[in-house]
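As the structure lists them, so they are numbered: ligands from 1, and atoms in each ligand from 1. Index from 1, following the sequence.
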Amino acid sequence: MIVIFCAPSGSGKSTIVHHLLEKFHDLEFSISATSRPPRGKEQDGVDYYFISADDFRQKIKAGEFVEYEEVYGGRLYGTLKSEIERIEKNGHHVIFDIDVKGGINLKRIFGDDALSVFIAPPSIDELRRRLVGRNTDAPEMIEERLAKAHIEMEDAPQFDVIIVNDNLNDALKESEMLVDNFIHAKK
Ligand code: 5GP
């Protein structure tokens, strides 16, 4: 089974995904490949496979990606086929934390084997406050993320479920119930 979490950045998606990984030990995080450099404490092979843009483009040519996107200003992000195979070999379900377009593509590929969830911020103003508060991006990057968030919100209805994260505890509980029902009840 495949669980896909998408959201404009700053919506609390990563917090929710981490919570689910702690809760369900038969769920494993799909580590994406990216051409962007590591941020903060990020580690290669844990948060992402950090590879060069050249490497990334070679892998695209070789057909090694299930999906990929050029997300911000030439930065490439994608899911390697080998990553899904690795998780399947472990006998685990896969959880994705990817951008909205990527999520829609994956849902198209995996159909009923996938649950797609859109985490929405309560508002764009609140999203701005959160992005400024987490203090990891330059002001121009924040504006870029907000502009993208506007566009991404329009795609929310294409997801199986929308969760509005105005209260993190509620959003965590709701996500937990949804994922539990999906991966453990539907066989
Ligand atoms: P960040 O640079 O903040 O880690 O990620 C930027 C965006 O890229 C986020 O929306 C994240 O979910 C998305 N992303 C991460 N991995 C993938 C992937 O494999 N495919 C796609 N399409 N987007 C991804």
Connected via hydrophobic side-chain network under 4.5 Å: Tyr49 and Ile87: no
Output the distance between atom NZ (Lys59) and atom NZ (Lys81), rounded to the nearest 0.5 Å. 12.5 Å
Treating Ile, Leu, Val, Met, Phe, Trp and Tyr as nodes and any side-chain heavy-atom pair under 4.5 angstrom as an edge, say whether Leu80 and Ile84 lie in one connected cluster. no
Test salt bridge (charged side-chain N to carboxylate O under 4.0 Å, His left out) applied to Arg86 and Glu28, step by step: CA-CA 10 Å; Arg86 180 185 74 76; Glu28 193 168 341; 2.8 Å; yes
Please verify whether a non-hydrogen atom of Glu152 lies at under 4.0 Å from ligand 1. no
Heavy-atom distance to atom 21 (C) of ligand 1: which of Asn105, Asp137, Asp99 wins? Asp99
Atoms in ligand 1 flagged as close to Arg36, the criterion being non-hydrogen separation under 4.0 Å: 1 (P), 2 (O), 4 (O)
Under 4.0 Å to a heavy atom of Glu69 - the qualifying atoms of ligand 1, by number: 22 (N)
I need the atoms of ligand 1 closer than 4.0 Å to a non-hydrogen atom of Gly102, numbered in the order shown. 22 (N)
Note: ligand 1 atoms sitting under 4.0 Å from heavy atoms of Tyr48 are 1 (P), 4 (O), 5 (O), 15 (C), 16 (N)
Do you see a donor-acceptor pair shorter than 3.5 Å between the side chains of Glu67 and Thr79? yes
Look at ligand 1 and say whether Tyr68 reaches it with a heavy atom at a distance under 4.0 Å. no
I want to know if ligand 1 touches Gly78 in the polar sense, i.e. an N/O pair below 3.5 angstrom. yes
Looking at Asp97, which atoms of ligand 1 are within less than 4.0 Å of one of its heavy atoms? 12 (O), 15 (C), 16 (N)
I need the full list of salt bridge (charged side-chain N to carboxylate O under 4.0 Å, His left out) pairs touching residues 16-27, with sequence neighbours left out, sorted by first then second residue. Lys23-Glu176
Is the backbone of Ile51 close enough, under 3.5 Å, to the side chain of Asp55 for a donor and an acceptor to pair up by distance? no
To which of Ser32, Ala7, Cys6, Ser11 does the heavy atom nearest atom 19 (O) of ligand 1 belong? Ser32
Cut-off 3.5 Å, side chains only: do Arg134 and Thr136 have a donor facing an acceptor? yes
Assign the ring pair Phe65 / Phe56 to parallel, tilted or perpendicular, where the plane angle (0 to 90°) is split at 30° and 60°. parallel
What's the spacing between Ile162 CD1 and Ile119 CD1 if we round to 0.5 Å? 10.5 Å
Ligand 1 atoms in contact with Arg145 (distance to a heavy atom under 4.0 Å): 3 (O)
If we only consider heavy atoms of Arg39, is any one of them less than 4.0 Å away from an atom in ligand 1? yes
Heavy-atom gap Lys13 to ligand 1 smaller than 4.0 Å: yes
Give the atoms of ligand 1, by number and element, whose distance to some non-hydrogen atom of Thr79 is under 4.0 Å. 19 (O)
If we number the atoms of ligand 1 from 1 as shown, the ones under 4.0 Å from a heavy atom of Glu67 are 18 (C), 19 (O), 20 (N), 21 (C), 22 (N)
Compute the shortest N/O to N/O distance between Tyr77 and ligand 1 and return yes if it is under 3.5 Å, no if not. yes
